[in-house]
Chemist: 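Structure in structure tokens, see below.
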Amino acid sequence: ANFMNTPTNVDFFHKFGLKKQDKSDLIIKTILPKYGKRIIPRKENIDDVYTILDTVNKITNKKKKDELLSIIQETKILHATNSEGKSEYKKPREIYLSETYSSDNSIELFYEGYADVWFLSDRYKEKASLSELVELGVHIDIIVSYKIPWFMGMVELTKPWSDHIRGLNGFDPDANIQGLEHVLNKITPEKSQILWNLLKLHKDLIYGVLEESSRQDFRYSKKTSHFSNMGKMLIEHKWLPDKKNVFIKTSDIRLTALNDNYEKSSADAKYISKKLHMKQEIDEEILSRMNASEKTLLQTYHMLSEEKQRE
């Protein structure tokens, strides 16, 4: 190494097109190609991953780092396990960080019994930091898939051969949560509470408005309200527990009737209760001034969807 680093020798070898091998080249040409071709022993894999992390940390050029990371993220180089105890090498983007790394077991609780979700094995815990693994592409949050809004929260949905369609206020009808159907079919109080808190972060993806027009400038457009893919599943399953821990459909429970372990007083909680078409609270003072028929009419109105209320 010292021989190659001597200024005179560096100039000499550069003159003939020779240079000291860059560690990025070592990763791309030597380390990554091994994976998928043969079974990599534990120690060799650990050494490879530490070499990768060390190299990525030392790259100061953002473009060069991003290029290297994009190649690494497409390689099944990280050892992972699933709920059935199976283990195999996976791409960083296919893996979640386990409690071993994040000190939080909520993702493991959420996906309990779901074999399609993989968690990073603990073989790297001695030297790999949480931030390094996240930079490599490993997930620390539950994956919610949706299109990123652009100008004024609009989501472009138009296909080249169709009318012009866009979601308003960040709404994407194709939005979904990884493994949501399995979670809802195997619901537990813990999973339900994690899901409730997750929805607060993605409240505009549950139910929203699509605008459609034959014109690119959206003149003479038509607006309609829809549930997203994840929204449809959320209203079809019994996953919200009442105070006795009995799971109920969203349309059959009021926010105040939710289990007391749930945060219900914030603006976000009230907002998603409407998006989930939960039974809405009726002001007691208003009710006291109504006769029986007026109360029935108001209750019927609250049970209608937002779209029907506007008609």
Chemist: What's the verdict on side-chain hydrogen bond (donor to acceptor under 3.5 Å, both in side chains) for Tyr101 and Asp122, showing C-alpha distance, side-chain angles and the deciding distance?
Modeler: CA-CA 8 Å; Tyr101 299 93; Asp122 61 4; over 6 Å; no

Chemist: Tell me the ring-ring contact (aromatic ring centres under 6.0 Å, His included) pairs involving residues 33-63, sequence neighbours left out?
Modeler: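 For residues 33-63: Tyr35-Tyr89.
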
Chemist: Just do the side-chain contact (heavy atoms from CB on, under 4.5 Å) check on Ser24 and Lys64 with the steps written out, would you?
Modeler: CA-CA 9 Å; Ser24 295; Lys64 186 176 180 181; 3.9 Å; yes

Chemist: Quick check on the hydrophobic clustering: are Tyr220 and Leu157 connected, directly or via other members, by side-chain heavy-atom contacts under 4.5 Å?
Modeler: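 Result: no, two separate clusters.
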
Chemist: Is there a path of hydrophobic side-chain contacts, each under 4.5 Å between heavy atoms, that joins Val134 and Leu201?
Modeler: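 No, separate clusters.
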
Chemist: Say you draw a straight line from CG of Leu195 to CG of Leu180; how long is it, rounded to the nearest 0.5 Å?
Modeler: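 CG of Leu180 is found 6.0 Å from CG of Leu195.
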
Chemist: Which pair of heavy atoms, one from Phe110 and one from Val183, lies closest together, and at what distance?
Modeler: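 Result for this residue pair: O-CG2, 3.4 Å.
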
Chemist: Output all residues satisfying side-chain hydrogen bond (donor to acceptor under 3.5 Å, both in side chains) with Asp54, sequence neighbours left out; order by chain, then residue number.
Modeler: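 Applying side-chain hydrogen bond (donor to acceptor under 3.5 Å, both in side chains) to Asp54 gives Lys58.
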
Chemist: Give a yes or no on whether the backbone of Gly85 and the side-chain of Asn82 come within a donor-acceptor separation of less than 3.5 Å.
Modeler: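 Yes, the answer is positive, given that a donor and an acceptor are paired below the 3.5 Å cut-off.
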
Chemist: Using every non-hydrogen atom in the two residues, find where Thr100 and Lys125 come nearest and quote the distance to one decimal.
Modeler: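 Here Thr100 and Lys125 meet closest at CG2-CD, 3.7 Å.
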
Chemist: Hey, what do you get for CD (Glu94) to CD1 (Ile143), rounding to the nearest 0.5 Å?
Modeler: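 The CD1 atom of Ile143 is 9.5 Å from CD of Glu94, to the nearest 0.5 Å.
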
Chemist: Is the Phe227-His277 ring centre distance short of 6.0 angstrom?
Modeler: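 Distance test on ring centres: under 6.0 Å, yes.
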
Chemist: For Lys222, look at atom NZ and say whether over 12 heavy atoms of other residues, nucleotides or ligands are found less than 6.0 Å away.
Modeler: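 Open: at most 12 neighbouring heavy atoms sit under 6.0 Å from NZ of Lys222.
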
Chemist: Hey, what do you get for CZ (Phe247) to CG (Leu184), rounding to the nearest 0.5 Å?
Modeler: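 So the CZ of Phe247 and the CG of Leu184 are separated by 10.5 Å.
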
Chemist: Is the number of heavy atoms from other residues, nucleotides or ligands under 6.0 Å of Lys243 NZ greater than 12?
Modeler: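 More than 12 within 6.0 Å, yes.
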
Chemist: Measuring only between side-chain heavy atoms, which start at C-beta, is Val49 closer than 4.5 Å to Asn45?
Modeler: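 Yes, at least one pair of side-chain atoms sits under 4.5 Å.
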
Chemist: Can you give me every donor-acceptor pair (side chain of residues 71-80, partner residue at least two apart or in another chain, under 3.5 Å) with its distance?
Modeler:
from	atom 1	to	atom 2	distance (Å)
Gln73	NE2	Leu136	O	3.2
Glu74	OE1	Lys91	NZ	3.4
Thr75	OG1	Ile71	O	3.1
His79	ND1	Ser121	OG	3.1

Chemist: Would you say the side chain of Lys223 lies within less than 4.5 Å of the side chain of Leu168, judging by non-hydrogen atoms?
Modeler: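 Leu168 vs Lys223: side chains touch.
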
Chemist: Contact between Val246 and Pro241 at the side-chain level, heavy atoms closer than 4.5 Å - yes or no?
Modeler: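 No; the side chains remain at least 4.5 Å from each other.
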
Chemist: Can you name the side-chain hydrogen bond (donor to acceptor under 3.5 Å, both in side chains) partners of Ser192, sequence neighbours left out?
Modeler: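 Partners of Ser192 by the side-chain hydrogen bond (donor to acceptor under 3.5 Å, both in side chains) criterion, ordered by chain and then number, come out as Tyr262.
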
Chemist: If you apply the rule side-chain contact (heavy atoms from CB on, under 4.5 Å), what do you find for Trp239 with Ile187, and how did you get there?
Modeler: CA-CA 6 Å; Trp239 66 277; Ile187 199 68; 4.0 Å; yes

Chemist: Is there a side-chain contact between Val117 and Tyr96, using heavy atoms and a 4.5 Å cut-off?
Modeler: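 Yes, close enough: below the 4.5 Å cut-off.
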
Chemist: Could you work out, with side-chain hydrogen bond (donor to acceptor under 3.5 Å, both in side chains) as the rule, every residue matching Ser266, not counting sequence neighbours?
Modeler: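 Testing Ser266 for side-chain hydrogen bond (donor to acceptor under 3.5 Å, both in side chains), a comparison that skips the adjacent residues, returns Glu263.
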
Chemist: List the atom of Ile107, the atom of Phe119, and the distance in Å for their closest heavy-atom pair.
Modeler: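 For Ile107 and Phe119, the tightest heavy-atom pair comes out as CG2-CE2, 3.6 Å.
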
Chemist: Which pair of heavy atoms, one from Ile46 and one from Arg123, lies closest together, and at what distance?
Modeler: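 In this case the closest contact between Ile46 and Arg123 is CD1-O, 3.6 Å.
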
Chemist: Not counting sequence neighbours, list each pair that qualifies as a salt bridge (Lys or Arg N to Asp or Glu O under 4.0 Å) and has a residue in residues 34-44.
Modeler: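 Sorted pair list: Lys34-Glu44, Lys34-Asp48, Arg38-Glu44, Lys43-Asp47.
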
Chemist: Could you name each residue pair satisfying salt bridge (Lys or Arg N to Asp or Glu O under 4.0 Å) that touches residues 103-115, not counting sequence neighbours?
Modeler: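 Non-adjacent pairs meeting salt bridge (Lys or Arg N to Asp or Glu O under 4.0 Å): zero.
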
Chemist: Run the numbers on Lys270 and Leu255 for side-chain contact (heavy atoms from CB on, under 4.5 Å), then give the verdict.
Modeler: CA-CA 7 Å; Lys270 293 172 183 176; Leu255 187 60; 3.8 Å; yes

Chemist: So do the side chains of Leu130 and Ser102 get within less than 4.5 Å of each other, counting heavy atoms only?
Modeler: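 Answer yes - side chains close enough.
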
Chemist: Less than 4.5 Å apart, any side-chain heavy atom of Thr55 and any of Leu26?
Modeler: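 They are not in side-chain contact.
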
Chemist: For His237, check ring pair (Phe, Tyr, Trp, His ring centres under 6.0 Å) against everything at least two apart and list the hits.
Modeler: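 Partners of His237 under the ring pair (Phe, Tyr, Trp, His ring centres under 6.0 Å) test: none.
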
Chemist: Applying side chain to side chain contact (heavy atoms under 4.5 Å, CB included), name anything that partners Ile253, two or more places apart in sequence or on another chain.
Modeler: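 Side chain to side chain contact (heavy atoms under 4.5 Å, CB included) check on Ile253 returns Leu240, Asp242, Ile248, Ala257, Leu258, Met278.
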
Chemist: Suppose we screen for ring pair (Phe, Tyr, Trp, His ring centres under 6.0 Å). Which residues come up paired with Tyr146, at least two apart in sequence or across chains?
Modeler: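 Expected list: His202.
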
Chemist: Show your working on side-chain contact (heavy atoms from CB on, under 4.5 Å) between Leu53 and Lys127 and close with a plain yes or no.
Modeler: CA-CA 10 Å; Leu53 293 175; Lys127 294 183 181 179; over 6 Å; no

Chemist: For the residue pair Leu210 and Pro173, establish whether any side-chain heavy-atom pair is separated by less than 4.5 Å.
Modeler: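 Yes, at least one pair of side-chain atoms sits under 4.5 Å.
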
Chemist: Going from NZ on Lys203 to CD1 on Ile272, what distance comes out if it is rounded to the nearest 0.5 angstrom?
Modeler: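 Here the interatomic distance stands at 9.0 Å.
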
Chemist: side-chain hydrogen bond (donor to acceptor under 3.5 Å, both in side chains) for Ser228 and His226? Distances and angles first, verdict last.
Modeler: CA-CA 6 Å; Ser228 65; His226 301 265; over 6 Å; no

Chemist: Looking at Thr30 and Ile27, would you say the former's side chain and the latter's main chain have a donor-acceptor pair under 3.5 Å?
Modeler: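 Such a contact is absent between Thr30 side chain and Ile27 backbone.
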
Chemist: Can you measure from CD1 (Ile95) to CG (Leu133) and round to the nearest 0.5 angstrom?
Modeler: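 With rounding to 0.5 Å, CD1 (Ile95) is 9.5 Å from CG (Leu133).
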
Chemist: How close do Lys86 and Trp118 get, counting heavy atoms only, and between which atoms?
Modeler: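 Between these two residues, the closest heavy atoms are O-CZ3, 3.4 Å.
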
Chemist: Which residue pairs pass the salt bridge (Lys or Arg N to Asp or Glu O under 4.0 Å) test with at least one member in residues 165-181, sequence neighbours excluded?
Modeler: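 Sorted pair list: Lys147-Asp174, Arg166-Glu211.
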
Chemist: Do the side chains of Gln178 and Ile142 get nearer than 4.5 Å, heavy atoms only?
Modeler: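 No, every pair of side-chain atoms sits at 4.5 Å or beyond.
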
Chemist: Please name the residue in the list Tyr271, Tyr207, Trp196 that meets the side-chain contact (heavy atoms from CB on, under 4.5 Å) test with Leu276.
Modeler: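 Exactly one pass, corresponding to Trp196.
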
Chemist: Considering all heavy atoms of both residues, which atom of Lys200 and which atom of Ala269 are nearest to each other, and what is their separation?
Modeler: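 Scanning both residues, the minimum pair turns out to be CE-CB, 4.5 Å.
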
Chemist: Under the side-chain hydrogen bond (donor to acceptor under 3.5 Å, both in side chains) definition, can you give me all pairs with a residue in residues 130-141, not counting sequence neighbours?
Modeler: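 Output for this query lists Asn57-Glu132, Lys65-Glu135, Ser129-Ser131, Ser129-Glu132.
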
Chemist: What is the distance from atom CD1 of Ile59 to atom CG of Leu69, rounded to the nearest 0.5 Å?
Modeler: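 It comes to 7.5 Å.
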
Chemist: Look at atom NZ of Lys264 and say whether more than 12 heavy atoms of other residues, nucleotides or ligands are closer to it than 6.0 Å.
Modeler: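 Atom NZ in Lys264 is packed in, count exceeds 12.
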
